[in-house]
Amino acid sequence: MENNLITVAEIERLAEMSALNFSDEDKERLIGEVGGIISMLDECGKIKTESKGMSRKVPLSALREDEFSVGLTSERVFVNAPSRDGDYFVVPEVNNGL
Amino acid sequence: MDFKFLSVLDIVDGIKTKKFSCVELTKYYLSQIEKYKDKNAVLEVFDDALERAYAVDSLVESGADLPELVGVPILIKDNIFYKGKISSSASKMLEHYVAQYSSTVVKRLLKAGVVILGRTNMDEFAMGGSCENSAFGPCKNAHNDAKVSGGSSGGSAVAVALDMCAFALGSDTGGSIRQPASYNGVVGIKPTYARVSRYGLVPFAGSLDTCGVFTRDAKDSAYIVSLIAGRDEKDSSSSDMPVDDYLACISGSIKGKKIAIVKEVQELVAQSEYKDVFKKVIAFCQEHGAIMSEVSIPEYKSVLPVYYTIAPAEATSNMNKFDGVRFGECADGETAEEINVNSRSKYLGREVKRRIMLGNFVLSSKFYNAYYQKAKDVAALIKSKFVEVLEKNDLIFMPTTFGEAFDIGAKTSDPVSMYIEDMFTVTANIIGVPAMSIPISKGRLGLPLGLQILAKHFNEKEIYNMADYLMEKGGEF
């Protein structure tokens, strides 16, 4: 089911934000799927609620003083690393070296 | 010794009194897992399970004090960390990921003496309601190979139903314990949000995720949850409310208990096979002294859009960590950005990608107020309505699902039709209350139907009391 908010351009915008790439066929499929879901989400808009700030009355998280403790060692951190050089994760250049 | 469908309490007694050994029992469950391997409920059997069983038997022989779950063989959902074991969340992205620490829930159970047999199948990253989103194949329903197991904790539910373990761990963000419990005819509880530590549970949506358990009866569930619940310094969201002895709270009576049913929910199941079952359950409860009433919550119809706005929003943030750099699979690319996009595109499944996209939609500045903020406002309103009902009542009854398990493949082409299956379960996650599904009847095809029981925050004891009563005295309705 399509929704007029969900166009190819919108799918491409969302894909960029999501760090995902899709084939043209997938993009067409997603127009229908995401569009259908968004149409379902529109039901919330029909419920009358108080001012926008209503849900912001949340208590502060409990805070505590910093405590020194041993967490994961470097060796454990790197066990699952795809590529490692000493204590560094290896990646190609970021932002084309700028 | 006949080990078939032993309860956890009987196992603990049997091992402590040396009626049987942990090794004998573990071998039985391992043979059950092998017998039912075509169900695809168990992704991996841990190769040290038997070694641990031998260690338990040595402990028993030594005459030392024995812990509360000594020698109980269990399975854990694939998104719950067990140090040194693969924990893949049923995703190609984490197919080879080895947990570097154990989750708190696993640590507490190991301390209590369990033997962990292996990890169970699930929907990828807990996103799904059928186990069809697993990257390693769907899990089949315990009672019918053509039907879904339900999800996302499908493997755990099937394993308990088919006696592959004494109990199993699951996680529940929108119904992922209760729905498969209903579909497979077992007991599944989602405790109060923050009742059980989430440390070491791979997050899907942090304000909704809850660890829970599958058992074959309410007493076992009560005993286990008392042991895993409680404040954890590693999870700052975990509650320091005292943990009740849930087993001791089972009184054997429901006289005077006030039970509400929601008119809008009843309207949704008016045409289903639940209608008659519900009537029988209500009549039974009234005959046994409970006081039933009907309440109206017109906002109920928006629980699903609320959930499917908030959950993907949180999921999209949680999924950002999979960038091919620090853990997880890594695809080729010329630049770091390319590696990030290529890794995620190659190794994440369709449903996960859809939810990431959805999350970014509702959180984007263009749509934030209209969707995400609005959903949070409606969630707060729904919560206030339910809290008001639960202030005047001990429990709320509703169906767990619309009916029996559906066919494998029936809903994979239409995500909304799949999401609608969560209609009754997402409420408890949105408002944070405890909720349990118990097997209550069978449908037209002879497959299980579940009754869902909700209570006030941190009042699991009311659920356990009612669930045990219905299962022991009511039987099948």
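Chain letters run A, B, ... following the sequence lines, proteins first and then strands; every chain starts at 1.
Note: Asn360(B) leads Asn360(B), Val306(B), Leu348(B) in heavy-atom pairs under 4.5 Å with chain A. Of all the listed residues (Ser364(B), Ala370(B), Ala375(B)), the one sharing the greatest number of non-hydrogen pairs under 4.5 Å with chain A is Ser364(B). Contact count against chain A (heavy-atom pairs under 4.5 Å) is highest for Tyr97(B) among Tyr101(B), Tyr97(B), Tyr308(B). Looking only at heavy-atom pairs under 4.5 Å with chain B, the residue among Ile38(A), Leu72(A), Thr73(A) that has the most is Ile38(A). In terms of heavy-atom pairs under 4.5 angstrom with chain B, the leader among Glu10(A), Arg29(A), Arg84(A) is Arg29(A). Counting heavy-atom pairs under 4.5 Å between each of Glu43(A), Arg13(A), Lys46(A) and chain B puts Arg13(A) at the top.
No more than 12 heavy atoms of other residues, nucleotides or ligands lie within 6.0 Å of NZ in Lys234(B), so this atom counts as exposed by the packing criterion. Counting non-hydrogen atoms of other residues, nucleotides and ligands closer than 6.0 Å to NZ of Lys27(A) gives a total above 12. Counting heavy atoms of neighbouring residues, nucleotides and ligands inside a 6.0 Å radius, atom CG of Asn320(B) exceeds 12 of them. Applying the 6.0 Å contact sphere to CD of Glu264(B) captures more than 12 heavy atoms from other residues, nucleotides or ligands. By the 6.0 Å contact criterion, CD on Glu267(B) is enclosed, its count of non-hydrogen atoms from other residues, nucleotides or ligands being greater than 12.
Between Val91(A) and Ala336(B), the shortest heavy-atom distance links the atoms CB-CB, 4.3 Å. Pairing each heavy atom of Ala19(A) with each of Asn340(B), the nearest pair is CB-ND2, 3.8 Å. Closest heavy-atom contact between Ser302(B) and Cys44(A): O-SG, 4.3 Å. Of all heavy-atom pairs between Pro82(A) and Gly324(B), the closest is CG-O, 3.5 Å.
For residues 346-367 of chain B, the pairs satisfying ring pair (Phe, Tyr, Trp, His ring centres under 6.0 Å) are Phe361(B)-Phe367(B), Phe361(B)-Tyr371(B), with sequence neighbours left out.
Between the side chain of Arg344(B) and the backbone N or O of Ser18(A) there is at least one donor-acceptor pair closer than 3.5 Å. Formation of a donor-acceptor pair under 3.5 Å by the Asn80(A) side chain with backbone atoms of Val98(B) is found in this model. A donor-acceptor pair under 3.5 Å links the side-chain atoms of Lys374(B) to the main chain of Ile47(A), judged by distance alone.
The contact between Val362(B) and chain A is made entirely by side chain atoms (from C-beta outward), counting heavy-atom distances below 4.5 Å. Of the atoms belonging to Lys83(B), it is side-chain heavy atoms, and not backbone ones, that fall under 4.5 Å from chain A. Looking at Phe22(A), the atoms closer than 4.5 Å to chain B (heavy atoms on both sides) all sit in the side chain, from C-beta outward. Both the backbone and the side chain of Thr309(B) come within less than 4.5 Å of a heavy atom in chain A. Looking at Lys366(B), only its side chain comes within 4.5 Å of chain A, counting heavy atoms on both sides. With a 4.5 Å cut-off on non-hydrogen atoms, Glu338(B) does not touch chain A at all. For Tyr419(B), the part lying under 4.5 angstrom from a heavy atom of chain A is the side chain only. Proximity to chain A is limited to the side chain of Leu358(B), based on heavy atoms less than 4.5 angstrom apart.
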Evaluation steps, side chain to side chain contact (heavy atoms under 4.5 Å, CB included), between Met17(A) and Thr316(B): CA-CA 10 Å; Met17(A) 289 167 70; Thr316(B) 210; over 6 Å; no
Test side chain to side chain contact (heavy atoms under 4.5 Å, CB included) applied to Val77(A) and Arg326(B), step by step: CA-CA 8 Å; Val77(A) 165; Arg326(B) 291 155 298 153; over 6 Å; no
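Side-chain contact between Met357(B) and Ile11(A) is present, with at least one heavy-atom pair separated by less than 4.5 Å. Using a 4.5 Å cut-off on side-chain heavy atoms (C-beta onward), Leu30(A) and Lys353(B) make no contact.
With rounding to the nearest 0.5 angstrom, the CD1 atom of Ile37(A) is 8.0 Å from the CZ atom of Arg355(B). Of the inter-residue distances, the one linking Leu14(A) atom CG with Arg354(B) atom CZ reads 14.0 Å to the nearest 0.5 angstrom.
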